[in-house]
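Residue indices begin at 1 and follow the sequence shown. Note that ligands are numbered from 1 as they come in the structure, with each ligand's atoms numbered from 1 the same way.
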Amino acid sequence: MNVLYATSEAAPLIKTGGLADVSGALPAALRKIGIDCRVLIPGYPAVMYKLEATRQVARFDHFLDAKGKPLAARLLLSSMPGSGTPLYVLDAPSAFARGGGPYSDSEGLDYPDNAHRFALLSQVAALLAGAESPLDWRPDILHCNDWQTGLAPAYLRLSGSTTPAVITVHNLAYQGIFPPETVTELNLPAHAFSIEGIEYYGNLSFLKAGLYYANHITTVSPSYALEIQQPYLGMGMQGLLASRQNQLSGILNGIDTDEWNPSADPHLPSQFSARALSGKKTCKHKLQEELGLEPLADAPLFGMIARMTHQKGLDLVLAVADGIIDRGGQIAFLGTGEKSIESAVTALVELHPGQVAAKIGYNESLSHRIEAGSDIFLMPSLFEPCGLNQMYSMRYGSLPIVHATGGLRDTVEDGVTGFVFYQPTPHALWLAVERALDLYAQKPAWKKLMQAGMSRDFSWEKSALAYQALYRELLPEPLPEPD
Ligand code: ADP
């Protein structure tokens with residue numbers, strides 16, 4: 001089976017968020033189970049710079065830029081550094097050779113021609129998946145991701161192709177909305193600009209186009225697939241998503257089990273595993289030392305690593321922090337984000353030096369040491385499409401306390417691998433904290449939970465098998481063998 005995986009970012013080439021991690025890992029995992037998955041990505045400078053061998057496999061001269069002028073574009077074949085996944089790079093300098101990030105300039109302002117840039121990516125994805133492809137290699141499935149490739153299923157279907165298209169929603173908050181006059185500039189037929197098509201409250205939405213025209217929609221956890229059909233988390237798309245519920249499912253993201261492996265993690269002062277846990281005590285002691293926390297071996301140490309945004313439930317944590325400290329606990333924060341949240345966390349540290357520590361900033365290495373050195377991990381997100389930290393924490397024997405939402409609900413088993421609370425309120429979080437503290441005092445029971453979490457399988461292989469099953473369902477049924 002051949003799959004074209006169209007994406008606007010992929011680690012380690014270019015990353016702004018979780019989409020890049022998935023685009024780096026999933027195609028490689030699919031290839032390991034025998035699927036010929038290839039990635040299509042724009043040739044941003046960061047991408048072009050990191051590629052080794054490239055070979056031109058196609059030239060396009062019929063695409064137009066935002067001024068309606070033909071633009072120079074070609075397709076290069078290369079491979080992903082590290083995994084070696086075959087990579088089609090859309091080299092169109094007027095669209096992608098820019099100094100800032102993939103979507104915005106160095107001031108953080110969206111590029112004014114984003115609609116044209118990602119319509120170009122989408123048109124090329126559709127072209128490669130359809131009958132007019134200039135390549136010998138033909139995908140059986142086109143797999144698109146988020147709004148940037150959301151128009152591809154529309155172009156594909158409107159061109160008359162029947163190649164099945166899948167779209168994965170990594171973040172429903174970004175919908176690629178542009179004014180209605182863009183429709184004709186993007187080589188889309190006027191009749192598609194309707195509620196049964198690409199129109200969204202009077203505008204054009206790339207994401208809506210994908211959700212409408214794709215044969216199947218996935219999200220990154222089964223619970224989130226249900227939640228986005230409701231007004232609270234549907235971000236205006238709930239009606240369409242609910243109408244497509246039979247073609248909507250959730251497949252959990254995996255984690256990089258080599259990068260996040262406590263028995264071989266170079267960021268840790270001491271390695272450990274479910275069978276040999278003593279190294280975790282050293283990690284805790286060293287973490288307390290590194291962060292200026294009192295070196296108390298028995299003080300339950302709570303870790304939290306998150307973008308400091310409202311989504312991550314920091315208000316809830318701040319509301320229960322005094323209670324944690326009163327019961328002899330310690331808290332280690334790592335994160336950066338909204339200034340008001342950063343200052344509230346810093347103020348808490350000033351009130352309780354020795355009990356609370358915070359590093360404001362992004363620090364990959366410290367994030368490994370916090371996962372390893374904590375006893376309990378706090379992740380009370382108000383919503384969470386999948387979430388990675390709760391999986392890292394289970395793997396590192398740090399029991400997560402999570403709000404029952406999205407991927408948190410789907411990965412943490414209450415009383416077995418962590419603690420789940422059901423209402424996003426300080427009271428509900430506090431009751432979960434108390435349950436965790438009570439169990440922490442019972443060492444054998446605590447160890448059993450740690451070991452249960454550490455032995456869970458969060459590998460990409462499991463996710464890849466689920467995508468494979470979905471792709472198979474979407475393929476046209478093979479003709480019966482003749483008698
Ligand atoms: P989201 O994608 O919403 O930020 P996830 O839990 O899915 O949340 O993934 C966040 C990733 O970013 C995790 O790998 C987490 O450890 C990492 N991370 C977030 N903030 C920091 C930080 N300040 N320093 C290091 N890593 C961080």
Side-chain angles (χ1 to χ4, degrees), residues 7-12 15-26 145-146 168-174 219-221 223-224 227-228 233 235 250-262 265-268 287 290-291 302-314 317 331-339 341-342 345-346 349 357-374 377-396 398 400-403 405-412 418 424 458 460 463:
T7 182
S8 57
E9 49 184 278
K15 172 169 169 173
T16 71
L19 168 61
D21 292 318
V22 178
S23 303
L26 176 60
N145 294 279
D146 280 353
T168 296
V169 179
H170 302 260
N171 195 334
L172 197 59
Y174 300 97
T219 64
V220 287
S221 70
S223 287
Y224 193 60
E227 290 164 356
I228 57 176
L233 291 177
M235 309 233 171
I251 298 178
L252 274 172
N253 286 338
I255 60 171
D256 184 331
T257 47
D258 293 328
E259 176 72 19
W260 291 91
N261 176 4
D265 186 334
H267 300 290
L268 306 185
L287 180 67
E290 179 177 355
L291 297 178
F302 291 70
M304 179 159 192
I305 305 164
R307 287 183 292 112
M308 292 197 172
T309 63
H310 181 65
Q311 180 202 336
K312 298 294 176 179
L314 277 133
V317 173
I331 315 177
F333 290 98
L334 169 62
T336 172
E338 289 167 25
K339 294 296 161 236
I341 303 179
E342 289 181 357
V345 169
T346 312
V349 176
K359 291 281 179 205
I360 305 296
Y362 193 94
N363 187 331
E364 188 82 31
S365 180
L366 178 58
S367 77
H368 286 242
R369 288 192 293 283
I370 292 182
E371 293 287 7
S374 316
F377 193 83
L378 292 165
M379 200 151 170
S381 312
L382 304 184
F383 69 94
E384 196 61 80
C386 177
L388 295 171
N389 272 307
Q390 81 281 11
M391 293 191 263
Y392 301 153
S393 75
M394 282 183 267
R395 212 164 141 72
Y396 279 60
S398 174
I401 297 183
V402 301
H403 173 217
T405 185
L408 299 177
R409 178 196 281 270
D410 295 340
T411 50
V412 179
F458 297 119
W460 271 109
S463 314

Item to check | From Gly407, Ser381, Gly361, Ser367 - option closest to atom 23 (N) of ligand 1 by heavy atom | outcome: Gly361
Next on the checklist: side-chain contact (heavy atoms from CB on, under 4.5 Å), that's the test. Do Ser8 and Asp146 meet it? Break it down for me.
Outcome noted: CA-CA 9 Å; Ser8 57; Asp146 280 353; over 6 Å; no
Checklist entry - Closest non-hydrogen protein atom to atom 14 (O) of ligand 1, residue and atom name please, with distance? => result Tyr392 CE1, 3.3 Å
Checklist entry - Any side-chain donor-acceptor pair under 3.5 Å between Asn145 and Thr7? => result no
Next on the checklist: Within ligand 1, which atoms have a heavy atom of Met379 less than 4.0 Å away?
Outcome noted: 6 (O)
Checklist entry - Counting heavy atoms not belonging to His310, are there more than 12 under 6.0 Å from its NE2? => result no
Checklist entry - Which residue supplies the protein heavy atom nearest to atom 16 (O) of ligand 1, what is that atom called, and how far is it? => result Asn389 OD1, 3.0 Å
Checklist entry - Is a side-chain N or O of Ser374 found less than 3.5 angstrom from the main chain of Phe302, in a donor-acceptor match? => result no
Next on the checklist: Quick test: of every protein heavy atom, which one is nearest to atom 6 (O) of ligand 1, and how far off is it to 0.1 Å?
Outcome noted: Leu388 N, 3.0 Å
Checklist entry - Counting each atom of ligand 1 from 1 as listed, which ones have a heavy atom of Gly387 under 4.0 Å away? => result 6 (O), 7 (O)
Checklist entry - Looking at atom 8 (O) of ligand 1, what's its closest protein heavy atom, distance included? => result Lys312 NZ, 3.1 Å
Item to check | Any non-hydrogen protein atom less than 4.0 Å away from atom 4 (O) of ligand 1 | outcome: yes
Checklist entry - Going by the angle between their ring planes, with limits at 30° and 60°, are His368 and Tyr396 parallel, tilted or perpendicular? => result perpendicular
Item to check | Test log, rule side-chain hydrogen bond (donor to acceptor under 3.5 Å, both in side chains), inputs Glu342 and Thr336 | outcome: CA-CA 7 Å; Glu342 289 181 357; Thr336 172; 3.0 Å; yes
Checklist entry - Backbone or side chain, does any N or O of Arg307 fall under 3.5 Å from an N or O of ligand 1? => result yes
Checklist entry - Is there a donor-acceptor pair closer than 3.5 Å between any side-chain N or O of Glu227 and the backbone N or O of Thr405? => result no
Next on the checklist: Among all protein heavy atoms in this structure, tell me which lies nearest to atom 24 (N) of ligand 1, with the distance rounded to 0.1 Å.
Outcome noted: Asn363 N, 3.0 Å
Checklist entry - Considering only the protein, which heavy-atom contact is closest to atom 19 (C) of ligand 1, and what is its distance? => result Tyr362 CE1, 4.1 Å
Next on the checklist: If the contact criterion is a heavy-atom separation under 4.0 Å, does Gly335 count as touching ligand 1?
Outcome noted: yes
Checklist entry - Are Lys312 and Glu384 within salt-bridge range, i.e. N to O under 4.0 Å? => result yes
